[in-house]
Amino acid sequence: MKTVFVLNGPNLNMLGKREQGIYGSKALDGIAEECREAGKALGIEVDFRQSNHEGVLVDWIHEAGDKAAGIVINAGAYSHTSIAIHDAIRAIAPTPVAEVHLSNIYAREAFRHHSMVSPVAVGVICGFGPLGYTLALQALATKL
Ligand code: DQA
């Protein structure tokens, strides 16, 4: 069975407590469960992880290059700043990467309008809350 890494960046461990008006009330564990369910329906094993550390995310992207068929990533604020994550995704090409954001980053502050991940992603889903993860897994499955 193919494995997809679902990687989550900084502050996403705070979901459910953090800015509920923007990110909703579901905790990250609930999103992990939904991803595993979606994976089952798609015949994909989901390896769901979160880190607040940029280098750890880079290590996991490299690991995915060896072990996974694709990645779904919500890099949180690192999406807007991280050349290291951008380069890591390029380094594992052609492993497909789908970018997810819970919120619509284009309807928010200007500093969220640019993503370092988008130019190296096969596609981007934002603004649909936790459903975006399931949609990204479904979209990625069509590429595998
Ligand atoms: C986010 C959007 C980012 O701008 C923010 O820094 C996050 C979460 C989202 O899922 O909407 O931490 O990636």
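Only heavy atoms go into these numbers, but all of them, side chains included; no hydrogens, no water, no symmetry mates.
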Roughly how far apart are S79 OG and I105 CD1, rounded to 0.5 Å? 7.0 Å
Is it true that I31 and L137 fall in one hydrophobic cluster, defined by side-chain heavy atoms closer than 4.5 Å? yes
Could you walk me through whether N8 and F48 satisfy the side-chain contact (heavy atoms from CB on, under 4.5 Å) test, starting with their C-alpha distance in whole Å, then the side-chain angles of each, then the deciding distance to 0.1 Å, before giving a yes or no? CA-CA 8 Å; N8 294 276; F48 193 97; 3.2 Å; yes
Is there a path of hydrophobic side-chain contacts, each under 4.5 Å between heavy atoms of I, L, V, M, F, W or Y residues, that connects I22 with M14? no
Check the hydrophobic clustering (I, L, V, M, F, W, Y; side-chain heavy atoms under 4.5 Å; chains of links allowed) and say if V100 and L42 are grouped together. yes
Shortest non-hydrogen pair, G43 vs M1, comes out as O-CG, 3.2 Å
E54 side-chain N/O to I85 backbone N/O, donor-acceptor pair under 3.5 Å: no
Whether R112 engages the ring of Y106 as a cation-pi pair (distance to the six-membered ring centre under 6.0 angstrom, angle to the ring normal within 45°) should be assessed. no
Test of understanding: clusters of I, L, V, M, F, W, Y form through side-chain heavy atoms closer than 4.5 Å, transitively. Do V56 and V117 belong to the same one? yes
How many angstroms lie between CG in L12 and CD in Q50, if you round to the nearest 0.5 Å? 6.0 Å
Evaluate T134 against E34 for side chain to side chain donor-acceptor pair (under 3.5 Å), listing each step before the verdict. CA-CA 7 Å; T134 296; E34 286 179 358; 4.8 Å; no
State, to 0.1 Å, how close V58 and A88 come at their nearest heavy-atom pair, and which atoms those are. CG1-CB, 4.1 Å
For G39 and V46, work out which heavy atoms get closest and say how close. CA-CG2, 4.0 Å
Do you know which two heavy atoms are closest between H114 and H80, and how far apart they sit? O-ND1, 3.0 Å
Tell me, with the steps shown, if L15 and K26 meet side-chain contact (heavy atoms from CB on, under 4.5 Å). CA-CA 6 Å; L15 289 178; K26 190 163 280 175; over 6 Å; no
Does either side chain, that of N11 or that of Y23, offer a donor lying less than 3.5 Å from an acceptor on the other one? no
Please report the interatomic distance OH(Y133) to CD(Q138), rounded to the nearest 0.5 Å. 15.5 Å
Straight-line distance of E99 CD to S115 OG, nearest 0.5 Å: 3.5 Å
Minimum heavy-atom separation for H113 and R108, please, with both atom names. NE2-O, 2.7 Å
Mark yes or no for whether Y78, through its side chain, and L57, through its backbone, hold a donor-acceptor pair below 3.5 Å. no
Pairwise distance CD1(I92) to CD1(I61) - rounded to 0.5 angstrom: 6.5 Å
Spell out, yes or no, whether L135 and V6 are grouped together once hydrophobic residues are joined by side-chain heavy atoms under 4.5 Å, including indirect joins. no
All heavy atoms of P10 vs all of A77, minimum pair found to be CG-N, 4.2 Å
CZ/R49 to CG/L28 distance, rounded to the nearest 0.5 angstrom? 13.5 Å
From CA spacing to verdict: side chain to side chain donor-acceptor pair (under 3.5 Å), S25, Q20: CA-CA 6 Å; S25 55; Q20 289 194 19; 5.0 Å; no
Residue among T142, T95, L140 satisfying side-chain contact (heavy atoms from CB on, under 4.5 Å) with V122: L140
Yes or no on side-chain contact (heavy atoms from CB on, under 4.5 Å) for N74 and L102, after CA distance, side-chain angles and deciding distance? CA-CA 8 Å; N74 181 352; L102 295 153; 4.2 Å; yes
Does the side chain of V72 come within less than 4.5 Å of L7's, by heavy atoms? no
